[in-house]
2 protein chains.
Amino acid sequence: MARIRDIAARAGVSEAAVSIYLRDNDTRRVGGERKRKIDEAIRELEYRPNTFARALSRAKSFTIGVLVPYEGPVFRSSFLNEIVSGLQTRLFRNGYSLAFPPASGVRSPVVLKNQLDHASGFDGYVLFGTRFCSRGDMEENAAMLERVGIPFVMANMPELTPSVNQVILREGPKANPIRYLLDLGHRRIALMAGREESPDSLEGIDQAAETCGQYHVELAAEDILFGDYELSIARSAMLTRLARGSDLTAVYCLSDTMAMGVYEALSEANLDVPSDVSVIGRNDSFFARLLTPPLTTVQRPLYEAGSQCAEVLLRAMESGRSGMKVYLDGSLLVRGSTAVPSER
Amino acid sequence: MARIRDIAARAGVSEAAVSIYLRDNDTRRVGGERKRKIDEAIRELEYRPNTFARALSRAKSFTIGVLVPYEGPVFRSSFLNEIVSGLQTRLFRNGYSLAFPPASGVRSPVVLKNQLDHASGFDGYVLFGTRFCSRGDMEENAAMLERVGIPFVMANMPELTPSVNQVILREGPKANPIRYLLDLGHRRIALMAGREESPDSLEGIDQAAETCGQYHVELAAEDILFGDYELSIARSAMLTRLARGSDLTAVYCLSDTMAMGVYEALSEANLDVPSDVSVIGRNDSFFARLLTPPLTTVQRPLYEAGSQCAEVLLRAMESGRSGMKVYLDGSLLVRGSTAVPSER
DNA sequence: CTGAAAGCGCTTACAG
DNA sequence: CTGAAAGCGCTTACAG
């Protein structure tokens with residue numbers, strides 16, 4: 001591997017000259033003839049500046065750590081992947097690399113601590129909430145990062161401490177799926193939440209309960225199901241619920257993936273969507289419109305959330321600002337999986 | 001940000017002592033009382049060794065560059081994501097980080113060159129072929145990496161230069177989908193390939209033609225379609241083909257995603273799957289079994305391919321070996337989208 | 001316009 | 001068992 005010293009020697013100039021020319025091709029610090037010599041040496045030796053040496057001496061690494069405090073394959077979640085896509089596109093444009101430090105440990109703050117041990121010296125972080133992160137975990141995580149003192153932004157979490165930069169996906173006024181079901185005439189609605197401790201699920205339950213309350217409809221405890229954001233678990237949860245009596249006429253699922261599990265369960269129970277039971281999903285994953293029937297879903301701007309994370313982070317890195325909050329609203333896409341309730 | 005110097009000062013020991021203790025807690029180089037002091041200082045100052053300084057002086061970064069020479073969101077491909085998941089899991093276990101250097105440029109070797117400028121000093125690379133990489137591109141890419149002199153492994157490419165480490169997904173003896181269709185009695189079969197120049201598509205075409213040949217069936221040029229590995233493009237390509245006459249009785253698609261596009265096209269043409277046209281996909285993506293009808297598909301061990309990439313790379317990094325080739329076979333999962341051809 | 005020197009935060013022989 | 005010193009490959013004042 002050629003070093004800057006080799007280039008300098010071959011071109012007959014000082015290392016400083018090479019370094020400065022590399023940073024700015026138009027510098028007047030280096031004369032024309034010498035520039036040509038340097039260029040030539042670089043080409044001949046296929047010189048590439050060492051990333052780590054450069055980061056160390058510049059005190060700027062052009063590396064953003066993506067922190068998903070969860071042991072297990074990250075890239076399997078189409079939800080996260082969509083956000084990361086937006087993040088990547090925006091950050092690449094500014095020349096930043098994305099680094100995923102190794103995850104190990106069980107409790108989320110422990111995993112994060114381990115990840116930070118491999119991510120010291122980075123320019124910024126994007127912290128993702130996962131279904132294994134309770135609100136307390138995330139507060140602990142955020143506090144840890146604040147002590148580190150490097151700019152960061154949180155994705156995929158309901159609003160937290162005011163000092164934290166966050167991009168927040170919220171249902172928004174145009175998207176209330178429970179209200180939509182109630183307006184259609186449904187009175188016995190189930191909520192397929194994710195994981196009991198997850199802030200997203202808790203928020204979903206609160207909102208559903210509140211909306212039901214406005215219609216003087218009860219959201220019964222037995223109608224709050226937990227599908228762990230996974231297809232097969234949602235399927236079992238739904239099956240279990242159906243075994244207790246099929247008086248439900250609608251289900252709102254906090255992810256399209258879980259909605260697919262609900263489709264499966266309903267089909268096994270010989271219940272038709274939507275004539276027996278209406279189903280609503282969330283995210284508008286690419287497969288949603290291709291299901292039979294096409295899934296009514298709460299579209300959420302995930303890619304946009306990713307690029308907003310990048311935007312906030314870039315701003316935080318250049319100005320040191322914190323406490324920025326960006327809110328992104330969802331919207332309801334009505335397709336074929338919802339209908340007025342029929343008497344059975 | 002605390003440095004090793006701060007820890008040394010606070011604990012009243014030399015920097016060397018801290019560094020050595022950090023590397024090996026059981027060292028006898030540092031006495032018990034001093035160890036305690038160091039621990040305390042580390043905890044109080046929440047010290048984390050600087051990744052870049054450490055990489056530089058150790059000449060070992062514990063960073064693997066994931067090179068996808070393609071400008072555009074990488075994490076949107078569920079195909080790549082599944083491979084990367086396997087890679088990540090195995091590499092994390094050994095304490096490696098995954099780094100995605102920024103992509104810019106149009107031609108694949110140009111993108112790769114740019115990426116390498118941001119990835120110098122890494123311990124190893126995983127190079128992915130994309131649908132925009134011709135065989136010539138990939139040979140150029142491989143040659144470039146060989147000149148860099150750092151261990152690397154290629155994923156998602158048919159067999160290339162012997163010197164290159166590769167994990168190769170091949171159809172394998174148990175998976176020949178064209179033969180399966182022929183055995184069912186189909187005689188007019190279309191192939192939904194990806195992109196004209198992509199080696200994967202070329203290989204798929206060769207194999208399909210060869211198998212057809214064995215049955216004295218012609219794979220007509222007009223029955224070789226290009227769906228660019230995308231749903232909507234596959235849909236249009238299929239629609240265009242159907243407009244020329246619907247004498248086809250079967251389609252093999254080089255990805256499940258394209259198979260979904262074919263489903264759409266067939267449904268728009270009022271053709272039933274499988275009674276009018278049989279459809280086979282590839283990859284066994286998670287949604288394949290949930291389509292209506294459930295998709296017959298060539299299951300390929302993508303996650304396993306990812307962990308094999310990691311395995312090969314780890315071996316290459318410790319031994320310098322090259323020219324390793326790992327072959328992984330697919331297998332045909334027969335579900336509801338295939339049947340014997342009916343006369344129409 | 002140019003080079004010699006010090007420094008970034010670590011680690012690794014080396015001498016005791 | 002311990003510390004002082006040199007070095008990893010860059011960059012950045014500094015002096016000319």
Side-chain angles (χ1 to χ4, degrees), chain A residues 1-38 41-42 45-63 116-123 148-150, chain B residues 1-38 41-42 45-63 116-123 148-150:
Chain A
M1 212 74 41
R3 298 151 305 167
I4 211 168
R5 185 183 312 168
D6 304 314
I7 304 301
R10 192 172 188 108
V13 303
S14 71
E15 298 183 32
V18 178
S19 175
I20 288 163
Y21 172 59
L22 242 37
R23 175 183 276 276
D24 173 18
N25 284 276
D26 296 328
T27 183
R28 296 183 322 180
R29 167 71 159 78
V30 182
E33 172 60 18
R34 310 165 70 82
K35 283 186 179 177
R36 220 168 310 121
K37 290 251 170 125
I38 296 175
I42 289 178
L45 302 181
E46 288 201 72
Y47 170 72
R48 294 179 221 280
N50 182 291
T51 314
F52 304 112
R54 181 172 269 187
L56 183 58
S57 65
R58 284 194 182 170
K60 170 86 182 173
S61 64
F62 279 98
T63 303
L116 286 177
D117 285 343
H118 296 269
S120 163
F122 288 13
D123 293 344
V148 169
I150 289 182
Chain B
M1 211 77 39
R3 298 151 307 165
I4 212 168
R5 185 182 310 168
D6 304 315
I7 304 301
R10 193 173 187 108
V13 303
S14 71
E15 296 184 33
V18 178
S19 173
I20 288 163
Y21 172 61
L22 242 36
R23 174 183 276 276
D24 172 18
N25 284 276
D26 295 329
T27 183
R28 295 183 322 181
R29 167 71 159 77
V30 182
E33 171 60 19
R34 309 164 69 83
K35 284 187 179 177
R36 220 165 311 121
K37 290 252 171 127
I38 295 175
I42 289 178
L45 301 181
E46 289 202 72
Y47 170 71
R48 295 180 222 277
N50 182 292
T51 314
F52 304 111
R54 181 173 270 185
L56 182 59
S57 65
R58 285 194 182 170
K60 170 87 184 172
S61 63
F62 278 98
T63 303
L116 287 177
D117 283 343
H118 295 271
S120 162
F122 287 13
D123 294 343
V148 169
I150 288 181

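Every chain is numbered from 1, with letters handed out A, B, ... down the list of sequences.
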Look up atom CE in A:Met1 and atom CG in A:Leu45, then write down how far apart they are to the nearest 0.5 Å. 12.0 Å

Within less than 4.0 Å of OP1 or OP2 of D:dT11, is there a side-chain N or O belonging to A:Arg54? yes

With DNA chain D as reference, determine whether B:Ser14 or B:Ala53 sits nearer its 5' end, using the nearest nucleotide of each. B:Ser14

Calculate the interatomic distance between A:Tyr21 atom OH and C:dT2 atom C1'; express it in whole Å. 17 Å

Which base sits across from D:dA13 as a Watson-Crick or G-U pair, both distances under 3.5 Å? none

Please report the distance, rounded to the nearest Å, between CD1 in B:Ile4 and C1' in C:dT11. 8 Å

Is there a donor-acceptor pair under 3.5 Å between the side chain of B:Asp123 and the backbone N or O of B:Ser61? yes

A:Asp6, A:Val30, A:Ile7 screened by side chain to side chain contact (heavy atoms under 4.5 Å, CB included) with A:Val18, the one that passes: A:Ile7

Assess whether a salt bridge exists between A:Arg48 and A:Glu46, defined as any Lys/Arg side-chain N lying under 4.0 Å from an Asp/Glu carboxylate O. yes

Between the protein and nucleotides 12-16 of chain D, list every N/O to N/O distance that falls short of 3.5 Å.
unit_1, atom_1, unit_2, atom_2, d
D:dT12, OP1, A:Arg23, NH2, 3.1

side-chain N/O B:Tyr47 vs C:dC10 OP1/OP2, d < 4.0 Å: yes

Is there a donor-acceptor pair under 3.5 Å between the side chain of B:Thr51 and the backbone N or O of A:Gly121? no

Whole-Å distance, B:Leu56 CG to D:dC8 P, equals 9 Å

At less than 4.0 Å, is any side-chain N or O atom of A:Arg34 found next to OP1 or OP2 of C:dG3? Yes or no. yes

Is there a ring-ring contact (aromatic ring centres under 6.0 Å, His included) between B:Phe122 and B:Phe62? Walk through the geometry before answering. CA-CA 7 Å; B:Phe122 287 13; B:Phe62 278 98; over 10 Å; no

Protein-nucleotide distance (B:Arg5, atom CZ; D:dG3, atom P), rounded to Å: 16 Å

Whole angstroms only, please: what is the CG-P distance between B:Asp24 and C:dT11? 13 Å

May I have the distance from A:Arg28 (atom CZ) to C:dC1 (atom C1'), rounded to whole angstrom? 9 Å

Could you give the CG-to-C1' distance, from A:Leu22 to D:dC10, as a whole number of Å? 10 Å

Please state how far atom CG in A:Asp117 lies from atom C1' in C:dC10, giving the value in whole angstrom units. 15 Å

Just by modelled atom types, is the B:Asn25 backbone N or O under 3.5 Å from a matching donor or acceptor in the B:Lys35 side chain? yes

